[in-house]
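Only one structure is covered here, and it is reproduced in the block below.
Along the sequence shown, residues carry numbers from 1.
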Amino acid sequence: MPRLPDEVAVSDAMDDYGVEVEARLVRSQVFAGVIQLTTTRDGKSVLPPVSIIVPGQWSSETAARDAAAEYATLMAQDGFFEQAIALRRAA
C-alpha cells in the first residue's frame with residue numbers, strides 16, 4: 001500500500017494486512033483516529049472494510065493518525081485483526 005508523506009510508519013505485523021489509518025473530525029478541533037482494515041493476510045478484500053474507531057480524542061489530525069497507527073499495530077500483533085475479519089464475515 002503506498003504511503004502518503006504525512007502518514008505514520010507502521011509495524012511489520014500490519015504489513016500482512018491492508019490497513020489505512022486516518023483522522024476524522026468529531027467536533028471543532030477534536031479528532032478521532034480510525035483504522036480501515038481492507039485486506040486479509042492472504043490478500044483477500046474485506047468488503048465493506050472493517051472500520052475501527054480508536055478510543056480517545058485528540059486535538060490534531062496528526063496525533064489522531066499516530067494513535068490509530070499505534071493502536072492498529074497492537075491489534076495486528078495481538079491477533080485482533082483476525083477476530084475483526086471473522087466478525088465481519090459472520091455479520
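Side-chain N/O atoms of Ser59 and Gln29 include no donor and acceptor closer than 3.5 Å.
Of all non-hydrogen atoms in Ala23 and Ala64, the two that sit nearest each other are CB-CB, 3.7 Å. Val54 and Val34 get closest at one heavy-atom pair: CG2-N, 4.4 Å. Nearest heavy atoms, Ala67 versus Trp58: CB-CZ2, 3.3 Å.
For Leu25, the CG atom counts as densely surrounded, since its 6.0 Å shell holds more than 12 non-hydrogen atoms of other residues, nucleotides or ligands.
Of the possible polar contacts, one joining the Thr40 side chain to the Lys44 backbone as a donor-acceptor pair under 3.5 Å is found. Side chain of Arg88 to main chain of Pro49: a donor-acceptor pair is present (N/O by atom type, distance under 3.5 Å, no hydrogens or angles).
The side-chain heavy atoms of Thr38 and Val19, taken from C-beta on, include no pair separated by under 4.5 Å. You'll find the side chain of Met75 stays beyond 4.5 Å of the side chain of Gln83, heavy atoms only. Taking the side chain as every heavy atom from C-beta outward, Glu61 and Arg24 never approach each other to under 4.5 Å. Contact check for Ile52 versus Tyr71: side-chain heavy atoms found under the 4.5 Å cut-off.
In this structure, Glu22 CD and Arg65 CZ are separated by 9.5 Å, a value rounded to the nearest 0.5 Å. Atom CG of Asp42 is separated from atom OH of Tyr17 by 9.5 Å, given to the nearest 0.5 angstrom.
No continuous path of ILVMFWY side-chain contacts below 4.5 Å connects Ile35 to Phe31, so the two sit in separate hydrophobic clusters.
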What verdict does the side-chain contact (heavy atoms from CB on, under 4.5 Å) test give for Thr73 and Glu70, after you've listed the backbone C-alpha separation in whole Å, the side-chain angles of each residue and the deciding distance to 0.1 Å? CA-CA 5 Å; Thr73 297; Glu70 183 177 341; 5.7 Å; no
